[in-house]
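The structure appears below as structure tokens.
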Protein chains: 2
Amino acid sequence: MAERVRISDVARAAGVHSGTVSRALNPATAHLVNATTAKKVRKAAKDLGYIPDVLARGLRTNRSMTVGVLVPDLTNPIFPPLVRGVQAVLEQHGYTALVANTDGSADTERKVFETLIGRRVDGFVVATGLADPFIAEEAAKRGVPIVLANRGSTSLSLPEVVGNDGQGIVAAIDHLVELGHTDVLYLSGPESFITSVVRTEAFSRRAAQVDGLRTEIVYADALSVTAGEAFMEQVLGRDPRPTAVVAGNDLLALGVYRALHAHGLRCPEDVSVIGFNDMPFAEDFAPPLTTVRAPHQAMGLEAARLLVEAIGADGPQPAVSLSLPVSLVVRESTAPPPRKR
Amino acid sequence: MAERVRISDVARAAGVHSGTVSRALNPATAHLVNATTAKKVRKAAKDLGYIPDVLARGLRTNRSMTVGVLVPDLTNPIFPPLVRGVQAVLEQHGYTALVANTDGSADTERKVFETLIGRRVDGFVVATGLADPFIAEEAAKRGVPIVLANRGSTSLSLPEVVGNDGQGIVAAIDHLVELGHTDVLYLSGPESFITSVVRTEAFSRRAAQVDGLRTEIVYADALSVTAGEAFMEQVLGRDPRPTAVVAGNDLLALGVYRALHAHGLRCPEDVSVIGFNDMPFAEDFAPPLTTVRAPHQAMGLEAARLLVEAIGADGPQPAVSLSLPVSLVVRESTAPPPRKR
DNA sequence: TTGAAAGCGCTAACAC
DNA sequence: GTGTTAGCGCTTTCAA
């Protein structure tokens with residue numbers, strides 16, 4: 001088993017000092033070294049298979065070239081695209097992502113945050129729903145920049161990249177109203193998630209602007225299929241029941257599907273359903289889900305871009321807010337309401 | 001913006017030397033230090049909010065406490081559960097995962113591998129389908145252990161954690177035969193993926209054991225929905241056409257759904273379909289997909305366990321092979337074949 | 001049981 | 001344009 005090749009090995013092979021090797025191999029300082037020497041160094045490095053030790057470099061430069069990425073749960077299908085967006089930009093700049101799941105727990109979020117601080121991450125992309133001021137304060141104290149992704153914050157003054165959820169909700173309501181619906185239920189996620197609050201408020205606001213629209217808001221206790229199913233159950237026994245439901249995300253919408261199925265109701269003939277996110281494979285559900293498409297990959301890209309910029313600037317970050325457009329994708333889960341009984 | 005708290009700060013606060021702090025805080029060496037001193041040190045560390053610098057420690061101990069995790073694509077829904085399995089075990093042992101996508105490219109795989117070597121990862125979990133001997137050799141040369149997950153290898157002698165794919169394919173065929181099917185198509189993934197080869201061979205072997213079963217094997221050029229759709233198209237125009245198709249994974253099966261739909265054929269009335277993996281939300285497709293469930297999270301857990309062990313042992317790794325049971329999940333995409341025309 | 005000091009691999013300030 | 005040297009924060013050997 002061969003030893004790791006160090007910078008000193010390259011120096012010896014090239015017949016120069018290790019400092020020169022360092023300069024020659026770093027694009028930012030390469031101009032300081034003689035062209036022929038540089039070539040010699042690069043050749044020696046290549047021949048020996050030298051790969052710089054990023055950790056040792058980081059210790060010296062006070063940059064780990066890593067970024068912490070906090071998501072609630074990687075198995076929630078909206079996050080992998082976001083993470084890949086983040087990774088794509090980070091990679092271009094030599095950074096590596098440390099992806100951590102918080103599972104919606106503030107405790108876990110703090111623990112994970114500390115672990116990442118211990119690894120000297122240069123910044124954070126935070127895509128978790130909780131608005132924990134703790135980590136924002138701690139990060140600020142340490143001068144580690146944070147960018148929020150797929151969620152804003154009312155209490156925290158941080159840069160954020162979000163979808164224009166309000167616009168999406170308006171499109172959803174308008175679509176239902178055009179189809180002739182007059183009784184619309186909004187199945188919200190828990191109020192502890194900032195995204196739920198934003199979307200629910202948008203729903204209330206728009207609903208109030210439409211004449212003759214009766215609405216109700218129900219809060220599920222999680223953004224999951226089972227929670228959606230359980231909370232939809234409460235509504236379905238009633239008479240009259242809503243002819244359409246807008247769900248706070250696609251998982252909840254899927255729960256609505258299941259509850260409808262359990263009650264022998266058809267979608268969209270009996271009840272129309274609209275989701276939020278356009279998660280992967282939403283078009284393959286039964287029926288294909290009408291939903292608001294949010295650009296998760298783009299959010300990741302933009303968030304990473306802002307973060308890299310903030311790391312480079314290393315002053316206090318301006319709290320810029322980027323709002324990306326969303327669009328209603330009409331598929332087969334929405335139709336005109338059934339005739340009055 | 002407060003400075004980072006270093007070990008020397010704790011030492012000063014506790015009135016001891018930094019070496020003592022190091023010993024007191026490390027569980028493995030804590031017994032070397034006086035109990036009262038240790039308590040004093042722990043108190044000072046806590047009061048100051050000391051978080052050890054894992055990078056600096058790693059430089060000294062020659063352990064980065066990171067592990068590279070190679071997946072083809074995080075947005076393929078079978079990988080997030082695997083990654084979370086890996087993370088769960090790593091976390092228990094103080095390791096952090098560096099997750100990288102290879103996008104099915106050997107070039108990318110090598111590049112990513114080098115990046116991770118530059119970050120001094122202590123080991124690799126490799127869940128990509130390609131069997132690139134390059135990285136196995138390079139890793140061995142450097143004494144960095146590798147564990148394969150969700151895929152074996154014929155050419156590489158490495159520890160691996162796989163699903164019992166053969167068993168799953170047998171169950172799929174037997175299920176179709178029981179339903180009365182006599183013409184079964186196997187829609188395989190590309191032969192460049194080791195998993196495709198394993199499953200296709202299992203299909204051939206079992207098919208040969210069943211009297212009166214006519215089978216055919218078609219190779220798609222990617223493990224994707226669009227590839228599945230395209231290659232299914234080739235088959236559907238024919239007469240007679242198969243009454244059932246087994247797909248190399250769920251994405252291909254979804255492509256089959258789409259092709260059937262485009263030809264005005266119903267599943268399962270006209271054609272039965274079986275997938276492989278039981279990816280998240282397979283039960284929500286139209287129709288709910290009958291598929292072979294592979295335990296991806298468990299694979300991640302076991303692979304990480306083997307890897308942590310191998311890192312600790314730091315000798316040459318024994319190439320243990322763990323084969324986890326799979327099971328056929330019968331849902332609504334399979335039924336008896338249509339009556340003879 | 002604790003302190004002193006060296007050194008992990010690298011970069012950057014300084015000297016020549 | 002290149003060599004020398006100090007030091008990033010930590011662990012660990014050696015001495016006391």
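Quick note on labels: first sequence line is chain A, next is B, and so on, each numbered from 1. Keep in mind it's a predicted model, so treat the numbers as computed, not measured.
- Between Ile117(A) atom CD1 and dG9(D) atom P there is a gap of 15 Å when expressed in whole angstrom units.
- Salt-bridge formation is not detected for the pair Lys111(B)/Glu114(B): no Lys NZ or Arg NE/NH1/NH2 atom is positioned less than 4.0 Å from an Asp or Glu carboxylate oxygen.
- Using a 4.0 Å cut-off, some side-chain N or O of Thr20(B) falls inside it from OP1 or OP2 of dG3(C).
- With respect to Glu138(A) and Arg142(A), a salt bridge is recorded, a charged nitrogen being found less than 4.0 Å from a carboxylate O.
- Electrostatic pairing of Arg84(B) and Asp73(A) counts as a salt bridge here, judged by a charged N lying under 4.0 Å from a carboxylate O.
- Residue whose closest nucleotide on DNA chain C sits further toward the 5' end, between Ala35(B) and Ser22(A): Ala35(B).
- Annotation: of the two residues near DNA chain D, Leu59(B) and Asn26(B), the 5′-most nearest-nucleotide partner is Leu59(B).
- You won't find any donor-acceptor pair under 3.5 Å spanning the side chain of Arg120(A) and the base of dG9(D), going by distance alone.
- In this structure, Leu55(B) places its CG atom 15 Å from P of dC8(D), rounding to the nearest Å.
- At a threshold of 4.0 angstrom between heavy atoms, the contacts of Asn34(B) are confined to the sugar-phosphate backbone, with no base atom among them.
- At dT2(D), one or more side-chain N or O atoms of Thr37(A) fall inside 4.0 Å of OP1 or OP2 (strictly under the cut-off).
- Rounded to an integer number of Å, the gap from CZ of Arg4(B) to P of dG7(D) is 20 Å.
- Remark: C1' of dC10(C) and CE of Met65(A) are 15 Å apart, rounded to the nearest angstrom.
- In this structure, Val54(B) reaches neither bases nor backbone, as no heavy-atom distance under 4.0 Å exists between it and the strands shown.
- Rounded to a whole Å, the NE2 atom of His31(B) is 9 Å from the P atom of dT1(C).
- When heavy atoms are screened at a 4.0 angstrom cut-off, Thr29(B) is found touching no nucleic acid atom at all.
- Counting only heavy atoms from C-beta on, Arg6(B) has its side chain closest to dG9(D) among dG9(D), dG9(C), dT11(D).
- Nucleotide dG9(C) holds its P atom 17 Å from the CG atom of Leu25(A), rounded to whole Å.
- With rounding to whole Å, Ile7(B) atom CD1 is found 14 Å from dT2(C) atom P.
- Atom-to-atom, CZ of Arg12(A) to P of dT2(D) comes out at 19 Å; the value is rounded to the nearest Å.
- Nearest-nucleotide mapping onto DNA chain D: of His17(A) and Leu32(A), the residue sitting toward the 5' end is Leu32(A).
- Proximity of a side-chain donor or acceptor of Thr61(B) to a complementary backbone N or O of Arg57(B) within less than 3.5 Å is detected.
- A donor N or O paired with an acceptor N or O is not found under 3.5 Å between the base of dG9(C) and the side-chain atoms of Arg60(B).
- The closest side-chain donor-acceptor pair between Ser105(B) and Asp103(B), if any, does not fall under 3.5 angstrom.
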